[in-house]
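Inspection log for the structure reproduced underneath, given as structure tokens.
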Amino acid sequence: MPASTTVLICGLGITGQSIVRYLASEANLLVTDTRLETSPEIARIAEQLSSKSDQLKVVKVSELATHWAEITEMYVSPGLPLSHEIVQKALEEDIPVRGDIDLFLDHVDKPVLAITGTNGKTTVVSLITELLASRGFISVGNIGTPVLDGLQRRASGFVLELSSFQLERLKSPSFKVATCLNVTADHLDHHASFDEYLNAKRRIYENCEMVIYNAKDELTVPQNTVGRQSIAINDDPKWRVESGGVVISGEFVPASEFSLTGEHNLYNIVVSAAFAHHMGVSLEEMLPVLRSFKGLPHRQQLIKVDSGVTLIDDSKSTNVASTVVAIQAFNCARRPLVLLLGGDSKGVDLAPLTNATLTTDHVVLYGQDAYRFKEIMDSTMVVHMAKTFEHAIRTSIECAGSEGTILFSPACASFDMFSNYVERGRSFCAIARRLLDPTTRDCH
């Protein structure tokens with residue numbers, strides 16, 4: 001970038017900070033955040049950044065009016081909707097609006113494998129990364145490591161987790177291999193409609209070299225595969241989920257061989273193997289990894305305690321579809337089965353939970369949208385309303401008795417009480433451990 005370039009960076013979360021670090025020596029930076037005057041943490045981050053560089057100036061949103069003439073480019077963090085007045089003003093001023101993924105794709109010279117989906121994407125990204133670890137691939141993106149920070153590491157390639165927020169603002173997607181795992185209603189507090197959310201997810205297929213998709217799920221099928229390589233899982237006899245197992249590169253592998261449990265994870269295993277196969281990994285190399293991979297913390301994770309109660313930490317379930325899958329997975333658990341859910345439901349339709357919860361014995365509700373959940377519960381359900389998170393866990397333990405199962409699968413974002421689902425999961429584990437058995441280890 002020319003030295004006279006002035007770049008506006010909107011957002012000081014993890015992504016925004018990574019953009020600042022990457023561009024710090026290349027341009028004059030204006031940095032703002034809509035939370036600058038309300039969040040002490042954001043204000044602290046802004047102060048730290050401005051003290052490290054003479055080329056960086058932090059401004060309030062209200063002060064931007066005096067700077068539009070000097071701004072040549074704008075980077076928007078994923079959490080700021082494109083409908084926001086700041087973005088709309090930039091577009092009126094003919095200022096290019098970009099995201100960190102655009103900047104990443106401008107400079108990356110290694111293969112990029114891209115994964116999105118409402119549910120399962122972190123599991124799949126993690127599994128693909130393990131399958132390709134010997135090839136020097138690392139995971140980046142929505143999984144935790146910002147893509148621009150990933151560029152600073154020695155890697156032979158990148159496994160990229162993408163959210164709808166990132167995809168909607170991506171100017172020109174171009175990946176070596178791409179998939180959309182599934183699409184169910186989510187983030188409708190950010191997207192104007194389900195169709196808008198779906199279209200954002202489908203953008204992952206644009207201009208990619210290889211598409212991998214579920215032929216039995218119309219929402220995830222690319223609209224155009226002409227001239228591109230593809231694997232249509234469940235249509236291709238060499239790549240499919242079957243009763244009792246999966247077919248990978250034409251070989252049947254029983255589900256009993258995998259540590260990763262649950263019917264829904266069989267597709268995740270096949271799609272991960274298809275990615276690795278395309279990158280040159282043989283089935284013989286894959287099998288030890290596929291057999292040993294146990295999944296992720298806070299995703300249907302069994303928490304060990306010495307009491308008779310079984311605890312399942314599924315804090316990563318941040319939407320209705322994911323919680324429905326969790327209920328189905330644990331319907332055979334030790335009874336009574338107690339479902340603990342609540343938080344910020346993101347404006348989605350909660351109705352699919354009505355029938356799913358009928359297979360549970362108790363439902364304990366907490367958080368910002370507890371009453372929204374109560375409204376959709378069947379009149380025959382035993383529903384408990386909790387005033388605090390600890391009250392919800394204590395109530396769940398009382399309902400579980402001496403040998404029941406507590407399934408903590410919130411179906412919601414965590415931001416009404418926690419900074420993210422990891423903090424929420426750890427808090428659940430710590431409180432439950434303290435209430436049930438003080439000698440049990442914490443979860444991580």
Side-chain angles (χ1 to χ4, degrees), residues 118-119 184-189 298-301 303 305 309-331 333-401 404-436 443:
T118 305
N119 294 304
T184 56
D186 200 7
H187 298 299
L188 298 188
D189 56 343
H298 314 296
R299 171 60 84 194
Q300 297 183 12
Q301 181 184 15
I303 305 303
V305 291
V309 176
T310 300
L311 294 176
I312 308 297
D313 174 10
D314 195 36
S315 180
K316 201 174 188 308
S317 281
T318 58
N319 57 66
V320 168
S322 184
T323 294
V324 169
V325 168
I327 294 170
Q328 293 168 345
F330 291 97
N331 194 33
R334 295 166 63 185
R335 314 302 287 211
L337 175 60
V338 183
L339 175 64
L340 171 56
L341 76 166
D344 176 3
S345 62
K346 297 175 284 186
V348 302
D349 181 13
L350 305 180
L353 275 170
T354 303
N355 288 332
T357 53
L358 288 173
T359 62
T360 67
D361 300 295
H362 298 266
V363 176
V364 180
L365 304 174
Y366 76 93
Q368 172 181 303
D369 287 339
Y371 283 94
R372 281 201 70 210
F373 285 97
K374 186 177 181 181
E375 288 173 357
I376 60 95
M377 292 294 160
D378 189 274
S379 59
T380 63
M381 285 302 304
V382 181
V383 179
H384 308 263
M385 303 294 289
K387 295 180 180 178
T388 65
F389 192 54
E390 178 161 341
H391 180 208
I393 297 171
R394 187 182 297 276
T395 302
S396 298
I397 291 171
E398 291 172 357
C399 293
T405 300
I406 299 173
L407 172 58
F408 176 47
S409 188
C412 288
S414 58
F415 303 124
D416 61 329
M417 290 185 176
F418 303 97
S419 58
N420 52 47
Y421 76 85
V422 174
E423 181 187 342
R424 176 172 65 183
R426 287 177 175 170
S427 181
F428 165 73
C429 186
I431 293 171
R433 178 196 61 184
R434 170 167 53 82
L435 293 175
L436 283 168
C443 53

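As the structure is a computational prediction, the values presented were derived from the model and not from experiment. The figures that follow rest on heavy atoms only: side chains count, while hydrogens, waters and symmetry mates do not.
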So S315 and R299, side chain to side chain donor-acceptor pair (under 3.5 Å) or not? Walk me through it. CA-CA 7 Å; S315 180; R299 171 60 84 194; over 6 Å; no

Ring centroid separation F418 to F428 under 6.0 Å: no

As a test of understanding, state which of I376, D361, V363 forms a side chain to side chain contact (heavy atoms under 4.5 Å, CB included) with M381. V363

In a check of side chain to side chain contact (heavy atoms under 4.5 Å, CB included) between S409 and each of D314, V325, I327, which one passes? D314

[X] to [Y] - nearest heavy-atom pair and separation:
X    : Y    : result
S419 : S414 : C-OG, 4.2 Å
V338 : A400 : CG2-N, 3.8 Å
D416 : G343 : OD2-CA, 3.3 Å
G401 : V309 : O-CG2, 3.4 Å
A329 : Q300 : CB-OE1, 4.0 Å
F415 : N420 : CE2-CA, 4.2 Å

Angle class for the Y366/F408 ring planes (parallel below 30°, perpendicular above 60°, tilted otherwise)? tilted

Indicate yes or no: at least one non-hydrogen side-chain atom of [X] is less than 4.5 angstrom from one of [Y].
X    : Y    : result
V348 : N319 : no
T184 : V320 : no
T318 : R424 : yes
L353 : L341 : yes
I431 : R434 : yes
M417 : Q368 : no
S322 : K316 : no

Exam field: side chain S427 to backbone E423, donor-acceptor pair closer than 3.5 Å: no

Can you list every pair that meets ring-ring contact (aromatic ring centres under 6.0 Å, His included) and has a residue in residues 335-365, with sequence neighbours left out? H362-H384

Nearest-0.5 Å distance, [atom1] of residue [X] to [atom2] of residue [Y]:
X    : Y    : atom1 : atom2 : answer
I312 : L340 : CD1   : CG    : 12.5 Å
T310 : I303 : OG1   : CD1   : 11.0 Å
R394 : T388 : CZ    : OG1   : 8.5 Å
C429 : Q301 : SG    : CD    : 7.5 Å
T395 : I406 : OG1   : CD1   : 10.0 Å

Test log, rule side-chain contact (heavy atoms from CB on, under 4.5 Å), inputs L311 and L436: CA-CA 10 Å; L311 294 176; L436 283 168; 3.9 Å; yes

For residues 365-383, pull every pair meeting salt bridge (Lys or Arg N to Asp or Glu O under 4.0 Å), keeping only residues two or more places apart or in separate chains. none

